[in-house]
Every structure is written in structure tokens, then in C-alpha cells.
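Excluded from the calculations below are hydrogen atoms, water molecules and symmetry mates; all remaining heavy atoms, backbone and side chain alike, are included.
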Amino acid sequence: MSRAEKAVITDVIIMAGGFGERLWPASSQEHPKQFMTLNGDRSFLQESIRRAFALGISGRIVIVTRKDIEVKCARQCAPFADKERIVVVAEPYARHTSAAIMTGVWFLKKTEPEKAHTVLVLTSDHVIGPTDVFCRDCATAAKAAADGQFVCFAVPPAEPATGYGYIKAGRDCYGDQTVFAIDHFEEKPERRTAEAYLADGHYWWNSGMFAFDADMFLDEMCRCTLSVAQAFDGVRDGDVPVLAERHGVAVLDSWRALDAAYETVPAVAVDKAIAEKTKKAAAVKAHFSWTDVGSWDAFSECCTDPANKKVVEAESGNNFVYADIPVALCGVHDLVVVVKNGQLLIMKKGESALVRDAARQMTE
């Protein structure tokens with residue numbers, strides 16, 4: 001049996017930084033989206049951890065986050081029965097996704113150098129389901145990763161969305177319509193271009209999740225974006241991460257080599273650093289449903305249980321209310337009303353793009 005045929009995901013890296021601007025005021029820098037709940041009691045982060053465990057991994061779940069929310073992350077992990085498999089690693093500074101993933105990969109290699117690591121990188125704040133379908137697609141991704149591919153997950157576009165990056169499908173890698181080589185990546189398009197992509201049928205949303213062999217990832221970073229790789233040169237032969245405990249969960253206490261790496265590492269998205277440059281980019285056609293819930297418009301469509309105190313609508317309709325105080329709406333339609341953390345957002349549906357700028361102005 002070949003390595004690819006028996007390949008499985010061994011470790012998961014969950015990216016859990018973020019500054020909570022797009023879902024303000026329910027989210028904030030101190031309480032970003034991954035700590036919010038959508039439907040039910042589990043937060044976005046806890047749902048991501050649950051999916052990671054569902055894969056039956058033999059290794060660890062490494063949650064890469066910010067130092068100022070490290071304790072909150074640990075608290076979120078505490079209810080899991082298998083929490084000894086989780087470690088929370090806080091970055092010295094926010095330096096985009098390339099540095100965050102490099103941190104997770106090097107943590108795995110420094111703490112378990114004798115093992116081979118087939119890594120799945122997940123976001124901490126997306127809605128994905130059903131879990132069993134997700135796990136089957138991850139098994140397909142593990143096979144491609146074992147074949148030396150840098151694997152993305154391509155989501156069939158449901159609409160001409162302008163808020164997502166796109167992947168153009170190339171050749172069928174295995175002849176079974178499960179994995180395709182990526183012809184090229186496209187930035188977030190204008191509306192007319194997005195409509196053309198949808199009509200073409202060969203363009204897919206880029207989900208921002210990845211799978212790869214850890215050594216392959218480090219080699220490709222050297223080939224594609226040397227400045228990021230070189231910043232971590234001292235980590236290879238440097239000190240081993242020292243762990244502490246918060247809420248019964250392992251957290252990074254000290255790692256001098258990582259601190260030194262972050263003094264010089266550039267802030268580059270992994271899409272720019274590797275995915276768009278490597279000759280080994282491939283994509284699994286996702287059969288699971290996916291949304292990044294990156295706006296109040298998306299949140300209102302996904303949220304079936306906003307758990308409001310009380311909402312009264314008088315001659316009003318098609319409104320979404322997410323509030324921790326009673327709210328009365330009179331003679332209004334097509335609004336999103338959010339009352340959280342002592343702050344109020346009133347937004348016309350379809351205008352989510354304005355929220356980030358409003359949040360920045362409100363917090364100045």
C-alpha cells in the first residue's frame with residue numbers, strides 16, 4: 001500500500017486570531033467572532049475543535065492565536081474530554097496567516113520531531129457541515145497531501161459572491177473528479193466578473209483551509225517566499241517550546257526562537273506566499289456546505305436562534321435582531337439591529353461592507 005493510499009490527517013492547526021470588526025458590536029478585538037455562538041451553546045471555535053477531533057487524528061490540535069486572548073482560547077478548550085491533545089500557541093505579534101501556519105508547523109516538528117505530520121489547517125470561525133461529509137473530504141485531502149500536493153478546499157459557488165477569492169479548476173488529478181490541479185487563483189472580483197465565474201462553471205470559492213505534509217510546506221515556503229522561511233531559520237536549531245497550563249489546557253509559556261522569528265517575519269497571507277506560487281497546488285472539491293459568516297448579512301441568514309431577550313415588531317418585517325435587551329421595531333423593514341456590549345448597530349440589509357469602517361470609527 002502506498003503512502004497516499006494509507007494517508008490520514010495526523011495534526012490540525014486552527015487559526016484563531018482576528019480582531020472582530022466585521023461582526024461589531026457583538027464581536028470586538030477582546031471578543032472576536034470565534035468566541036461567538038451562532039445556533040446552540042458551542043462557539044465557532046468549539047465547533048472547529050469538534051470537527052478536528054471528528055477526524056480521529058493521532059497528533060495534536062494547535063490553536064494559533066493572539067497573546068491577549070490566549071486565556072479565553074484555553075477556557076473554550078476546557079470542556080473537551082480529550083483536551084490534553086490541544087495546545088494554545090500565542091504569536092508574539094499578528095503577522096498574517098503565513099507566520100501563523102509556520103508557527104503551528106514548527107511547533108509540531110519541535111515537539112514531536114520523530115513523527116511525520118500530515119497537517120490540516122482550519123479556520124476558527126466558519127460554518128461547515130455535515131461533519132461526516134467534511135471528514136470524507138479531509139481524507140481525500142490527506143491522500144493528495146501525501147502525494148506532495150499543497151491542498152486547498154474548493155467550494156462550489158452558490159452565488160456570484162464578491163467577498164471570496166476564487167480558484168480556477170485545472171486537470172483532474174486522479175481521474176475520479178475529487179481533486180483537481182489549480183490552474184490559477186483569482187482575487188475577490190467585481191460583481192460582473194463574479195457573475196462570469198459562476199456562469200463559466202470552472203471557478204470555485206477558495207475556503208481558506210489547507211492540507212499538506214509539514215516538510216513539504218517548509219520546503220515550498222523556501223522556494224516560494226524565502227523571506228518568510230528565513231525568518232524562521234533560528235527555530236530549526238533553537239530552543240524547544242516550553243508549555244504551561246491554563247484551565248487545564250496546555251498553552252505556550254516561552255519559546256525564544258519564535259520571539260526572534262517574529263522580529264523579522266513579513267506579514268504575508270499564505271495564499272500569496274505559497275498557494276499562488278507553488279507548482280504543487282491542488283484542490284479538493286468540497287461536498288460539505290461552507291460559509292465564513294463574515295458579515296451581518298451572512299450571520300442573519302445562518303442564525304436560526306438569536307436568543308434575544310424580547311423583540312416586538314409593529315407593522316415591520318424582514319428584520320433581524322440580535323440583542324441582549326428588549327427591542328421594539330415600528331414601521332421598518334429590511335434592517336439588521338444588533339445591541340451587544342453596550343453598543344448599537346442599525347444596518348440596512350445588504351450594507352455589511354460598511355460595518356468594518358464604522359467599527360473602527362467607533363473605537364477610535
- Query: Yes or no on side chain to side chain contact (heavy atoms under 4.5 Å, CB included) for Q149 and F212, after CA distance, side-chain angles and deciding distance?
  - Reply: CA-CA 7 Å; Q149 304 283 357; F212 48 75; over 6 Å; no
- For the residue pair S227 and P266, what are the closest heavy atoms and their distance? OG-CG, 3.6 Å
- Item | Single-linkage hydrophobic cluster I182~F217, side-chain heavy atoms < 4.5 angstrom | no
- Query: Checking S316 side chain against G331 main chain: does a donor-acceptor pair fall under 3.5 Å?
  - Reply: yes
- Message: Please enumerate all residues that pass ring-ring contact (aromatic ring centres under 6.0 Å, His included) together with F180, with sequence neighbours excluded.
- Response: W204
- Message: Just by distance, no angles: are the side chains of Y166 and D200 close enough, under 3.5 Å, to form a donor-acceptor pair?
- Response: no
- Task: Report yes or no: is the cationic atom of K277 (NZ for Lys, CZ for Arg) closer than 6.0 Å to the six-membered ring centre of F150, at no more than 45° off its axis?
- Result: no
- Can you list the steps and then say if I61 with R85 is a side chain to side chain contact (heavy atoms under 4.5 Å, CB included)? CA-CA 6 Å; I61 299 172; R85 306 266 298 284; 5.6 Å; no
- Message: For K309, is there any backbone N or O sitting under 3.5 Å from a side-chain donor or acceptor partner on D324?
- Response: no
- Query: Any ring pair (Phe, Tyr, Trp, His ring centres under 6.0 Å) pairs touching residues 73-97, not counting sequence neighbours?
  - Reply: F53-F80
- Item | Least distance between heavy atoms, K280 atom then R223 atom | NZ-NH1, 4.2 Å
- Query: Are any side-chain N or O atoms of T278 and backbone N or O atoms of I274, one a donor and one an acceptor, separated by less than 3.5 Å?
  - Reply: no
- Any donor-acceptor pair under 3.5 Å from N308 side chain to A323 backbone: yes
- Query: Does E186 offer a backbone N or O that forms a donor-acceptor pair with the side chain of K168 under 3.5 Å?
  - Reply: no
- Item | Contact list for residues 34-46, test salt bridge (Lys or Arg N to Asp or Glu O under 4.0 Å), sequence neighbours left out | R42-E47
- Message: With a 4.5 Å cut-off on side-chain heavy-atom distances among I, L, V, M, F, W and Y, is there a chain of contacts connecting L252 to I86?
- Response: no
- Using atom types as modelled and distance alone, determine if a side-chain donor or acceptor of S352 lies under 3.5 Å from a backbone N or O of S295. no
- Can you tell me how far NE2 of H117 sits from CG of L108, rounded to the nearest 0.5 angstrom? 5.5 Å
- Message: Applying a strict under-4.5 Å side-chain criterion to I, L, V, M, F, W and Y, I'd like to know whether V64 and V249 cluster together.
- Response: no
- Query: With respect to S43, which candidate in Q34, K72, Q76 satisfies the side chain to side chain donor-acceptor pair (under 3.5 Å) definition?
  - Reply: Q76
- Residue set satisfying side chain to side chain donor-acceptor pair (under 3.5 Å) with Q29, at least two apart, ordered chain then number -> none
- Message: When you group the ILVMFWY residues by side-chain heavy-atom contacts below 4.5 Å and let the links chain together, are L218 and V12 in the same group?
- Response: no
- Steps toward salt bridge (Lys or Arg N to Asp or Glu O under 4.0 Å) verdict (E91, R95): CA-CA 8 Å; E91 298 176 274; R95 288 291 185 268; over 6 Å; no
- Is F320 isolated, or which residues cluster with it under the ILVMFWY side-chain rule of less than 4.5 Å, directly or via members? L23, W24, M36, L38, F44, V127, V293, W296, F299, Y322, V336, V338, L345, M347, V355, M362
- Note on the structure: Here the salt bridge (Lys or Arg N to Asp or Glu O under 4.0 Å) pairs for residues 122-141, sequence neighbours left out, are K33-D125, D132-R136
- Task: Spell out, yes or no, whether V71 and L243 are grouped together once hydrophobic residues are joined by side-chain heavy atoms under 4.5 Å, including indirect joins.
- Result: no
- Task: Run through the side-chain heavy atoms of Ile, Leu, Val, Met, Phe, Trp and Tyr, join any pair under 4.5 Å, and report what else lands in I325's cluster.
- Result: V311, V321, V327, L329, V332, L335, V337, V339, L344, I346
- Could you list who else is in L354's hydrophobic cluster, with ILVMFWY side chains joined at under 4.5 Å, directly or through other members? none
- Decide whether S28 and H31 meet the rule of one side-chain donor and one side-chain acceptor closer than 3.5 Å. no
- Task: Taking atom types as modelled, find out whether N206 and D271 have a side-chain donor-acceptor pair closer than 3.5 angstrom.
- Result: yes
- Note on the structure: When every non-hydrogen atom of Y164 is compared with those of A161, the smallest separation belongs to CD1-CB, 3.9 Å
- Task: Mind telling me whether F153 and F288 have parallel, tilted or perpendicular rings, with 30° and 60° as the class edges?
- Result: tilted
- Query: Can any side-chain N or O of D172 pair as donor or acceptor with the backbone N or O of Q177 at less than 3.5 Å?
  - Reply: yes
- Any Lys/Arg nitrogen of D215 or K109 sitting under 4.0 Å from an Asp/Glu carboxylate oxygen of the other? yes
- Note on the structure: Residues at least two apart in sequence or cross-chain that pass ring-ring contact (aromatic ring centres under 6.0 Å, His included) with Y203, listed by chain then number, are Y197
- Task: Return each pair, listed once, that meets side chain to side chain donor-acceptor pair (under 3.5 Å) where at least one residue sits in residues 244-258; pairs must be two or more places apart or across chains.
- Result: none
- Query: Honestly, is R360 close enough over F19, meaning NZ or CZ under 6.0 Å from the six-membered ring centre and within 45° of the axis?
  - Reply: no
- Task: Indicate the atoms forming the closest heavy-atom contact of T97 with V270, along with that distance.
- Result: OG1-N, 2.8 Å
- Task: Could you pull out the closest heavy-atom pair between E70 and A90, with the gap in Å?
- Result: OE2-CB, 3.8 Å
- Query: Does any N or O in the side chain of D233 come within less than 3.5 Å of the main-chain N or O of A231, such that one atom is a donor and the other an acceptor?
  - Reply: no
- Query: Counting N and O atoms only, with roles assigned by atom type, does the side chain of D213 sit under 3.5 Å from a partner on the main chain of M216, one being a donor and the other an acceptor?
  - Reply: yes
- Message: Rounded to the nearest 0.5 Å, what separates atom OG in S98 from atom CE in M221?
- Response: 4.0 Å
- Item | Pair R22, S27: side-chain N/O donor-acceptor within cut-off below 3.5 Å | no
- Item | Any donor-acceptor N or O pair under 3.5 Å, side chains T140, Y174 | no
- Is it true that a side-chain atom of K285 and a backbone atom of V155 form a donor plus acceptor pair closer than 3.5 Å? no
- Message: Holding to side chain to side chain contact (heavy atoms under 4.5 Å, CB included), I want the full list of residues that pass it with E187, two or more places apart in sequence or in another chain.
- Response: K272, E276
- Query: How would you list all residue pairs meeting salt bridge (Lys or Arg N to Asp or Glu O under 4.0 Å) that involve residues 348-357, not counting sequence neighbours?
  - Reply: E21-R356
- Note on the structure: Looking only at heavy atoms, the pair that brings N39 and C302 closest together is ND2-O, 3.0 Å
